[in-house]
Amino acid sequence: MRWTRTFIRTLRQDPADAEVVSHRLMARAGMISKLAAGIYNYLPLGWRSIRKLEAIIREEMERAGSTELLMPAVQPAELWQESGRWFKYGPELLRIKDRHDRDFCFGPTHEEVVTDIVRRTTTSYRQLPANLYQIQTKFRDEIRPRFGLMRGREFIMKDAYSFHASAEDLDVAYRAMEAAYCRIFERCGLEYTKVEADTGNIGGSESHEFMVLAGTGEDAIISCACGYGANVEKAVTGTLESAPEWPLAVPEAPEKVHTPGLKSVEEVAGFLGVAPAHLIKTMVFETDEAFVVALVRGDREVNEVKLKNVLDCTHIQLASEEKIEKVTGGAMGFSGPVGLEGIRIVADPTVMALAVAATGANERDHHLVGVVPGRDFEPDDVADIAMAAAGDPCPRCGKPMTEKRGIEVGHIFKLGTKYSEPMRCTFLDADGAERPMIMGCYGLGVGRTVAAAVEQNHDDHGIVWPLPLAPYEVVLVLLNSDRPEVVEAADALYARMLEAGIEVLYDDRSERPGVKFNDIDLIGFPVRVVVGKRGLENGQVEMSLRRDGEKRPVPLTDAVTAVQELLDTLRAELA
RNA sequence: CGGGGUGUAGCGCAGCCUGGUAGCGCACCUGCCUUGGGCGCAGGGGGUCGGAGGUUCAAAUCCUCUCGCCCCGACCA
């Protein structure tokens, strides 16, 4: 393609609203442009990168035994009412009405539709398993879209769904999808990691996320050299070091101590002369229907996702100051479990492991010292509700774990019968018994993966595309467009490259060299070939790689072969 | 949803406080010049100042409402 025939509009300045690198660079390079909050145009260059990723995804999905189909973006409310998610999903679900005032939604995901397809068509264990995928536009009305393609409201996603007669068979498909995802991200040249994940809104038993490692990632990952890795929402720890020995006397019953204005764990512990780990941090949460008190050791923090799972509720939030006073009778900062009535108390095991502790007295400016868990209060549930942190021991090997940040680009789930049961997606097994199908689902953010690639591969001048995702693999640059002999040589080389099947963009603009080089660096074509009068005088062109910029003179006559060899080398690196 | 900010030419911004001819840089057009890292000179085109209402002789500027967009927070007692 000739540059002057395509549609490339680069920006010299950063758009004012672009915050993260991928958004900034993709906007400046003319790959995307914003239409509304969280809604983007994929301009020709950006679309090429998206399409390249899609091609890789298709290959790997088919290889893993999944078949492509396309389901509608607009879906009838009835299906969502059947699964129960019409009411559960909340405002993220974009609900629309047609002219007859019938309810529809713009699909944020397709479990309902695909389950409907399968239940209408598939009735026997002989027809299972089924594995279907699509690459399609989703809409999720995010609270706060941001970061360009990283968290848009409208976005392109590959979603796959599998249906099985047995849990064992689901496991086979799950492992195949897992392997396909690994291959996809490897083929894109991305540095990624697979971690255990919470199942969140989608539900199910087992779940893994694929994270592209990047400092700007929105997710925290806890991992260990031994191979354990999990989203911080899900991460568990090995046995934590127990609290130091209680340094004070142990009274018969908790003693009330005046602690004026001391709210934080550090302040209280310092004042009392005990360790932060001796305190019971008491947090009041509000769920859909009730208040809940969560207890963690003073040096730990509550993991709201884990707590939510223990409570089996959809929404949870910290109670407001007024509500805390109403529920506990004391001011915020002075809450404790002792004497709390009529409210569910969930304690982390580390709290129950404390021999003696201190905690709030449910009275302004007072704490209780010498509290013995089990003697002075009894929780309703004891469950792991603490946040794992860097330095905590690994649950598998006990070594200290580290924390990294990542961008969630893929998420796979074992759904079980969460959708097949309410939607009556059943089959007859070999004994003629009717059973719900066992399902898995597998998502991959297409736009987000491309954006993550930019986050991971850029420098001061712009994007440095990994070869498989570059909009064009090679850019051929005509430098002296006023010199007929140079134009002639460049045109001829372009023709030879096309003939050789090289994916080349020919920058035939009559711009000054600086303008061209800056645009080219910004867009980030992996291989650059420059035809200019200076080199041509020696019968040479100049070849260079975007990632190192090192200039390699090549005889004009050998240019096509040299480029092909260079591309082969780059491909070999990824294999 | 709460808090803050912002909306002026395609992009990035000034002007607003203190009302009176709408400006700058880049981009764009014409001509000359220039061609290995965002040239130079000269000339030129383009803006309902987000929208509606109000105050005023007069509103980008002051007031009210409204819409869009951005940021921060949904944060640990």
Side-chain angles (χ1 to χ4, degrees), chain A residues 9-20 23-24 27-28 30 33-39 90-91 143-148 259 261-269 276 279-286 293-304 307 315-321 323-325 327-328 330-337 348 358-362 364-365 367 385-387 389 460-462 477-483 486-487 507 509-522 528 530-537 540-542 544 549 551 553:
Chain A
R9 305 285 186 266
T10 58
L11 267 34
R12 290 207 174 180
Q13 279 162 301
D14 288 337
D17 55 10
E19 192 70 3
V20 293
H23 184 193
R24 231 176 57 219
R28 280 194 55 202
S33 68
K34 191 173 73 182
L35 182 62
I39 302 177
I143 306 174
R144 201 177 141 200
R146 56 184 144 178
F147 303 153
T259 50
L262 303 178
K263 291 184 180 182
S264 76
V265 164
E266 288 70 29
E267 289 168 351
V268 176
L279 297 197
I280 300 171
K281 198 187 271 188
T282 306
M283 314 269 297
V284 182
F285 286 88
E286 191 179 354
V293 168
L295 308 179
V296 293
R297 213 167 77 177
D299 59 339
R300 314 299 297 172
E301 298 196 342
V302 174
N303 182 328
E304 288 188 24
L307 179 61
H315 294 289
I316 188 168
Q317 61 176 40
L318 282 167
S320 66
E321 206 163 337
K323 285 176 178 164
I324 291 173
E325 295 207 29
V327 172
T328 68
M332 178 162 96
F334 301 96
S335 305
D348 190 74
T359 190
N362 296 322
R364 181 178 293 281
D365 293 341
H367 280 80
I385 53 166
M387 191 82 88
D460 293 345
H461 300 284
V477 192
L478 163 66
L479 265 202
N480 313 88
S481 60
D482 55 335
R483 301 290 191 114
V486 182
V487 176
D507 185 356
R509 295 176 297 169
S510 53
E511 291 285 351
R512 297 178 60 82
V515 173
K516 304 182 97 167
F517 289 139
N518 278 297
D519 275 344
I520 285 163
D521 287 349
L522 175 62
R528 186 181 83 180
V530 178
V531 181
K533 73 164 193 271
R534 213 166 70 186
L536 226 44
E537 280 162 8
Q540 287 179 330
V541 297
E542 174 196 287
S544 62
K551 295 167 183 168

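Below, chains carry the letters A, B, ... as their sequence lines are ordered, and counting in each starts from 1.
Under the Watson-Crick or G-U wobble criterion, with both distances below 3.5 Å, G40(B) is paired with C32(B). The partner of G10(B) is C26(B), judged by Watson-Crick or G-U wobble contacts that both fall below 3.5 Å. Pair assignment for U61(B) gives none, since no Watson-Crick or G-U wobble pairing has each distance under 3.5 Å. Pair assignment for G73(B): C1(B), on the basis of Watson-Crick or G-U wobble contacts that are both within less than 3.5 Å. Checking C17(B) for Watson-Crick or G-U wobble geometry (two distances, each under 3.5 Å) identifies no partner in any strand.
Comparing G45(B) with G38(B), their P atoms are spaced 30 Å from each other, to the whole Å. Annotation: G54(B) and G47(B) have their C1' atoms spaced 25 Å apart (nearest Å). Comparing the P positions of G46(B) and A9(B) gives an interatomic distance of 15 Å, to the nearest angstrom. With P as the reference atom, U18(B) and U61(B) are 14 Å apart, rounded to whole Å. Nucleotides A14(B) and A60(B) are separated by 12 Å at their C1' atoms, to the nearest Å. The separation of G43(B) from C33(B), taken at their C1' atoms, amounts to 15 Å, rounded to a whole angstrom. As rounded to the nearest Å, G36(B) and C32(B) have C1' atoms that lie 23 Å from one another. Comparing G4(B) with C76(B), their C1' atoms sit 24 Å apart, to the nearest whole Å.
Looking at heavy-atom distances under 4.0 Å, Glu301(A) makes contact with sugar-phosphate atoms alone, never a base. Nucleic acid contact for Val284(A): base, since at least one base atom lies under 4.0 Å from a heavy atom of the residue. No contact: Ser335(A) has no heavy atom under 4.0 Å from any strand.
In this structure, CG in Asn303(A) is found 4.5 Å from CE in Met387(A), a value given to the nearest 0.5 Å. Taking CG of Asp519(A) as the reference point, atom CZ of Arg9(A) lies at 11.5 Å (rounded to 0.5 Å). Summarising the geometry, atom CG belonging to Leu522(A) is positioned 6.5 Å from atom OG1 belonging to Thr10(A); distances are rounded to the nearest 0.5 Å. In this structure, His367(A) NE2 and Ile280(A) CD1 are separated by 11.0 Å, a value rounded to the nearest 0.5 Å. In this structure, CG on Asp348(A) lies 8.0 Å from CZ on Arg300(A), to the nearest 0.5 angstrom.
Within the 4.0 Å cut-off from OP1 or OP2 of C76(B), not a single side-chain nitrogen or oxygen of Lys281(A) is found.
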Going through the checks in order, is the side chain to side chain contact (heavy atoms under 4.5 Å, CB included) test met by Leu295(A) and Thr282(A)? CA-CA 5 Å; Leu295(A) 308 179; Thr282(A) 306; 3.6 Å; yes

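We find that Lys34(A) and Asp17(A) are joined by a salt bridge, their nearest charged nitrogen and carboxylate oxygen being less than 4.0 Å apart.
If you measure from atom CG of Asp14(A) to atom C1' of C13(B), you get 14 Å, rounded to the nearest angstrom. Rounded to whole Å, atom P of G12(B) lies 8 Å from atom CD of Gln13(A). In this structure, CZ of Arg509(A) is placed 11 Å from P of C28(B), rounded to the nearest angstrom. Spacing between atom CZ of Phe285(A) and atom P of A74(B) amounts to 13 Å, rounded to whole angstrom units. Atom CG in Leu35(A) sits about 16 Å away from atom C1' in C70(B), given to the nearest Å. Whole-Å rounding puts the Asp17(A) CG to C13(B) C1' distance at 15 Å. In this entry the distance linking CZ of Arg24(A) with P of G12(B) reads 14 Å, nearest Å.
Listed for the Lys281(A) side chain is no donor-acceptor partner under 3.5 Å among the backbone atoms of Val265(A). Although no hydrogens or angles enter the test, the distance criterion places a donor-acceptor pair under 3.5 Å between the side chain of Lys516(A) and the main chain of Asp507(A).
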Go along nucleotides 32-38 of chain B 5' to 3' and tag each nucleotide: B for a protein heavy atom under 4.0 Å from its base, S when only backbone or sugar atoms are that close, - otherwise. --BBBBB

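Taking the nucleotide of RNA chain B with the nearest heavy atom to each of Ala37(A) and Val302(A), the more 5' of the two is matched to Ala37(A).
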